[in-house]
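One structure below.
If you're wondering where the values come from, they're calculated on a predicted model, not measured in any experiment.
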Amino acid sequence: MEKFNHTVSEFILVGFTRDPVMQLVLFVLFLVVYFVTVVGNITLIVLIYIDSRLHTPMYFFIGNLSFLDLWYSTVYAPKIMVTCVSEDKSISFAGCAAQFFFSGGLAYSECYLLAAMAYDRYKAISNPLLYAQVMTRKVCVSLVAASYLGAFVICGIFTCETFTMTFCGDNVIDDFFCDLPPLVKLACDVKASYHILLYFVLASNVLTPIVFILASYIFIIVAILRIHSTEGQLKAFSTCSSHLISVTLYFGSILYIYYRPSSSYSLEQDKIVSLFYTVVFPMLNPMIYSLRNKDVKEALRKLFKMSAS
């Protein structure tokens, strides 16, 4: 890795507010959200592991999604809480680079994983009799491994390119984490090649999964329309509803931040939307996949009975 070339040793994260009272309120709020996120995702992972009825490809992907959300939230929430209660708002250069790398790697892994889940739903609905033969354990593990590997390799290259730029002058990041837009704004030597790499990273890690998901759902809709009974169609569609909600919320917030005209940028709105997909969304996912799923609810009741007896 090329030696980092920079003129700053740390960055200052402004966060959400300078009001001490509001900072304390936000600390409590983020603490509650992070606690619910950790408990919810760990509970879902445990349920999928211990209940044999949940040992299917669909729940294998959901369990890995919960694992991703658990670590994804951990990249942001602890640092946000520290910033809220501490006078020291700084983050070291190396710490900023590490947060940038892991947040990007986990975020892109989730994009690929959601695409793999769309493929899984397509196979389950289009040909249910051959579903178990097609979506074998080996195939599922390979899809998850490819999601991690592809995301972190690309993000590693992108992180090196970002943090070998020269950062000069103001080192204040008017955000709550080391995000791409404020870092590029602080850089002095953003080259045309970097913008090309940026477009490649966003296209390969965000737009490509979206296109794959849309294509999968086109085939899913065609397969559902071939089902003769209305009850069968509704049952088939219900197996996709939780995934559709996740895809809409996650990709919708990312597209809002990174794919709209620069003339419509609003710093405060961007902070709120970024907060949604970095901290709030990992908390919502376990609820989305459990409250709408009778198998998970039944497994949860079984776990409560075991703990009570």
Taking atom [atom1] of [X] and atom [atom2] of [Y], what is their separation to the nearest 0.5 Å?
| X | Y | atom1 | atom2 | answer |
| --- | --- | --- | --- | --- |
| Leu106 | Leu113 | CG | CG | 11.5 Å |
| Ile125 | Asp120 | CD1 | CG | 9.5 Å |
| Ser109 | Leu65 | OG | CG | 11.0 Å |
| Asn41 | Met287 | CG | CE | 9.5 Å |

So if you build clusters from Ile, Leu, Val, Met, Phe, Trp, Tyr with side-chain heavy-atom gaps below 4.5 Å, do [X] and [Y] land together?
| X | Y | answer |
| --- | --- | --- |
| Val85 | Val279 | yes |
| Val32 | Leu24 | no |
| Phe152 | Val141 | yes |
| Val222 | Tyr119 | no |
| Phe200 | Ile210 | yes |

Aromatic plane relationship, Phe176 with Tyr76 - under 30° parallel, 30 to 60° tilted, over 60° perpendicular: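 Perpendicular, since the angle between the ring planes exceeds 60°.
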What's the shortest heavy-atom distance between [X] and [Y], and which atoms?
| X | Y | answer |
| --- | --- | --- |
| Ser246 | Leu114 | CB-CD2, 4.3 Å |
| Phe100 | Cys155 | O-SG, 4.1 Å |
| Cys84 | Leu26 | SG-CB, 4.1 Å |
| Val75 | Gln99 | O-NE2, 3.4 Å |
| Thr83 | Leu13 | CG2-O, 4.0 Å |
| Thr278 | Pro282 | O-CG, 3.6 Å |

Determine whether more than 12 heavy atoms belonging to other residues, nucleotides or ligands lie under 6.0 Å from atom [atom1] of [X].
| X | atom1 | answer |
| --- | --- | --- |
| Tyr34 | OH | yes |
| Tyr148 | OH | yes |
| Arg53 | CZ | yes |

Check whether any side-chain heavy atom of [X] lies under 4.5 Å from a side-chain heavy atom of [Y], and answer yes or no.
| X | Y | answer |
| --- | --- | --- |
| Gln23 | Phe16 | no |
| Met81 | Val33 | no |
| Lys89 | Val14 | no |
| Thr164 | Tyr194 | no |
| Phe276 | Leu284 | yes |
| Met165 | Leu186 | no |
| Phe251 | Pro209 | yes |
| Val139 | Val134 | no |

In terms of side-chain heavy atoms, does [X] have a donor or acceptor partner in [Y] at a distance below 3.5 Å?
| X | Y | value |
| --- | --- | --- |
| Asp88 | Ser90 | yes |
| Asn285 | Ser66 | no |
| Ser204 | Tyr108 | no |

With a 3.5 Å distance limit and no angle check, can you tell me whether [X] reaches the backbone of [Y] through a side-chain donor-acceptor pair?
| X | Y | answer |
| --- | --- | --- |
| Ser73 | Asp69 | no |
| Asn205 | Val201 | yes |
| Asn64 | Phe60 | yes |

Intermediate values then yes/no, side chain to side chain contact (heavy atoms under 4.5 Å, CB included), Leu207 and Leu202: CA-CA 7 Å; Leu207 292 183; Leu202 293 177; over 6 Å; no
Side chain to side chain contact (heavy atoms under 4.5 Å, CB included) between Leu244 and Phe237, worked out: CA-CA 10 Å; Leu244 273 172; Phe237 183 76; 4.0 Å; yes
Is the centre of the [X] ring less than 6.0 Å from the centre of the [Y] ring?
| X | Y | answer |
| --- | --- | --- |
| Phe163 | Phe101 | no |
| Tyr49 | Tyr59 | no |
| Phe167 | Phe11 | yes |

Positive for ring pair (Phe, Tyr, Trp, His ring centres under 6.0 Å) with His243, one of Phe61, Tyr217, Tyr289: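 Only one option passes, and that is Tyr217.
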Test applied, ring pair (Phe, Tyr, Trp, His ring centres under 6.0 Å); reference residue, Tyr122; option that passes from Phe219, Tyr131, Phe212: Phe219
From CA spacing to verdict: side chain to side chain contact (heavy atoms under 4.5 Å, CB included), Leu180, Leu198: CA-CA 10 Å; Leu180 178 63; Leu198 171 60; 3.1 Å; yes
